[in-house]
Amino acid sequence: MNPTPSDTPSPTPVPAPGTLVVDTSRADRVGEFRGVAGPYWSLRPVGGGVEWEVEPRHVRPAVLIEQLRARTARLNARSRGEVL
């Protein structure tokens with residue numbers, strides 16, 4: 001039987017650089033999309049730090065509350081002098 005178009009998963013659209021996304025393979029870690037590296041997407045912690053790679057199938061857009069939490073955590077770390 002040939003698969004119908006609805007049976008085949010559509011490719012995940014590549015987000016714009018800087019978009020906040022969630023890596024579901026790492027306990028829903030929020031990261032900033034940095035770019036494509038071969039078959040993987042590069043993400044970076046919101047407050048800066050070491051980038052990591054993830055398969056696009058494990059990435060979803062961050063909902064508003066997740067974006068707010070990530071940005072608030074970065075601002076709090078900055079106020080404590082932990083990040084620039």
Side-chain angles (χ1 to χ4, degrees):
M1 179 165 112
N2 290 334
T4 63
S6 63
D7 292 340
T8 57
S10 60
T12 306
V14 176
T19 301
L20 294 183
V21 295
V22 176
D23 180 350
T24 60
S25 70
R26 287 183 175 79
D28 290 343
R29 185 176 180 190
V30 177
E32 182 181 302
F33 178 77
R34 304 299 292 167
V36 177
Y40 301 102
W41 286 1
S42 294
L43 305 181
R44 181 183 76 158
V46 177
V50 179
E51 291 185 5
W52 75 94
E53 293 182 343
V54 61
E55 293 179 33
R57 66 188 176 104
H58 294 296
V59 177
R60 65 170 174 78
V63 295
L64 188 57
I65 190 68
E66 291 167 324
Q67 294 176 29
L68 182 60
R69 284 183 187 138
R71 290 185 173 122
T72 300
R74 186 202 184 313
L75 291 173
N76 287 339
R78 184 176 177 192
S79 71
R80 292 188 301 266
E82 296 170 3
V83 295
L84 295 177

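What you see is a predicted model, and the numbers here were worked out from it, not measured in a lab. For the single chain, residues carry numbers from 1 onward in sequence order.
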* Structure fact -> In short, S79 meets N76 closest at the heavy-atom pair OG-O, 2.8 Å
* To do: Begin from the C-alpha positions of R71 and L20 and carry the test side chain to side chain contact (heavy atoms under 4.5 Å, CB included) through to its verdict.
  => CA-CA 10 Å; R71 290 185 173 122; L20 294 183; 3.6 Å; yes
* To do: Determine whether more than 12 heavy atoms belonging to other residues, nucleotides or ligands lie under 6.0 Å from atom CZ of R26.
  => yes
* Asked: Could you give the distance from CG (D23) to CD (E53), rounded to the nearest 0.5 Å?
  ->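 So the gap between those two atoms works out to 11.5 Å.
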* Taking the side chain as C-beta and beyond, is there a heavy-atom pair between P45 and R29 under 4.5 Å? -> yes
Side chains of residues 58-66: which donor-acceptor partners sit under 3.5 Å, not counting sequence neighbours?
unit_1	atom_1	unit_2	atom_2	d
R60	NH1	E66	OE1	3.0
R60	NH2	E66	OE2	2.7
E66	OE1	V63	N	2.9

* Non-neighbouring partners of A73 that pass side-chain contact (heavy atoms from CB on, under 4.5 Å), sequence neighbours left out ->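 Partners of A73 by the side-chain contact (heavy atoms from CB on, under 4.5 Å) criterion come out as none, since no residue qualifies.
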Residues 30-42, side-chain donor-acceptor partners within the protein, below 3.5 Å, at least two apart:
unit_1	atom_1	unit_2	atom_2	d
E32	OE1	R44	NH2	3.3
E32	OE2	R34	NH1	2.8
E32	OE2	R44	NH2	3.2

* Asked: Going only through I, L, V, M, F, W and Y residues with side-chain contacts under 4.5 Å, is there a path from V22 to V46?
  ->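 Shared cluster, yes.
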